Amino acid sequence: MRNRLRVLRAEKNWTQGDLAREADVSRQTINAIETGKYDPSLPLAFTFSRLFRVPIESIFQPDEAAADKLSKAV
Amino acid sequence: MTAAESKGSRRWDWGCVGGMSPKERYWMTRFNTGALMWAISSVGVKLALTREVVSSGALRGLVVLVPVLVLGWTVYSFARFLGAADELHRKIHYEAMAWGFAAAAVVLCLSPFIEYLGFPRMNPVIALVPLTVGWSLGLFVGRRRYS
């Protein structure tokens, strides 16, 4: 899954630590999400959505392979 | 006041190793202490029973319960640690546990067969060795993978 977390965070001038404190997770978690190593749980995705006041789908998008698979399934 | 500030005890302490929250660190410390106490009490009880330090039947039964109670407290501490853990830390620990239990299962399943090769009957407690090694290895790999 791809995400725009780093961009949204930069727009707010937040460090990873700031976002981690706001979302009540560790900085390691924020870093792992931003680098695409970890996909967050749905509640955490909703927390990001609330913090940045944008819909979840504008933060997280399926990567190319997953998007292809999804479009074939539909 | 931010959402994190309103939760108080769940605030994250960035100065500590691994970025554990105070609550996470609290339960992890208790788990580690419990594991150490369990090892010490197990050895102590074994010595007390084999050297007949405790001779009364009822008292022996009570003495045997000591490591069991300590282990119960240790497991409870670990469960509370997992409950307090950040979702990524929890995932890392679950994966590490899977490594440890898989390693222990392999050793336990192999033990009846290696007896045919002339090895002595293995004490099931030996399974703690691959469990601990696998768990530690899993933690190491998990922390590296998500860092």
Side-chain angles (χ1 to χ4, degrees), chain A residues 1-70, chain B residues 1-32 77-100 134-147:
Chain A
M1 197 145 66
R2 289 178 294 123
N3 68 76
R4 293 179 54 238
L5 211 58
R6 193 185 296 268
V7 176
L8 292 166
R9 179 171 62 74
E11 283 173 3
K12 279 194 172 264
N13 262 338
W14 281 355
T15 63
Q16 285 187 341
D18 294 334
L19 178 55
R21 265 188 292 277
E22 291 297 324
D24 197 25
V25 291
S26 66
R27 196 189 60 77
Q28 188 188 12
T29 302
I30 300 298
N31 185 55
I33 294 169
E34 285 188 357
T35 51
K37 291 175 181 170
Y38 173 66
D39 293 332
S41 66
L42 206 48
L44 184 55
F46 273 110
T47 302
F48 291 139
S49 166
R50 200 184 64 244
L51 284 171
F52 294 116
R53 298 177 194 281
V54 290
I56 287 180
E57 59 269 27
S58 74
I59 307 176
F60 299 98
Q61 295 94 30
D63 55 24
E64 301 296 318
D68 282 352
K69 205 173 170 183
L70 200 67
Chain B
M1 183 186 283
T2 64
E5 280 168 345
S6 67
K7 288 178 184 169
S9 63
R10 286 267 301 166
R11 289 173 72 181
W12 301 91
D13 176 7
W14 305 111
C16 64
V17 177
M20 279 196 265
S21 70
K23 206 170 176 183
E24 216 176 324
R25 200 166 63 242
Y26 174 89
W27 287 111
M28 180 45 85
T29 307
R30 264 136 198 84
F31 167 71
N32 287 332
S77 299
F78 191 69
R80 291 297 304 268
F81 163 77
L82 285 177
D86 166 59
E87 63 178 54
L88 177 61
H89 292 172
R90 198 177 302 145
K91 181 184 168 75
I92 291 170
H93 273 277
Y94 283 149
E95 288 179 1
M97 281 163 74
W99 279 56
W135 196 325
S136 306
L137 196 65
L139 274 180
F140 176 75
V141 171
R143 281 178 181 153
R144 275 185 68 92
R145 185 194 296 165
Y146 296 110
S147 64

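Small disclaimer: the values here were computed from a predicted structure and weren't measured. Naming: A, B, ... by sequence-line order, numbering from 1 per chain.
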Minimum-distance pair of heavy atoms, taken over all atoms of [X] and [Y]:
X	Y	result
A:Leu44	B:Glu87	CD2-OE2, 3.5 Å
A:Gln28	B:Leu88	O-CD2, 3.8 Å
B:Tyr146	A:Lys37	CE2-O, 3.2 Å
A:Asn31	B:Ser147	ND2-C, 3.7 Å

> Checking heavy atoms, do the side chain of A:Pro40, its backbone, both or neither come under 4.5 Å from chain B?
Replying inline: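 Backbone plus side chain of A:Pro40, per the 4.5 Å heavy-atom cut-off to chain B.
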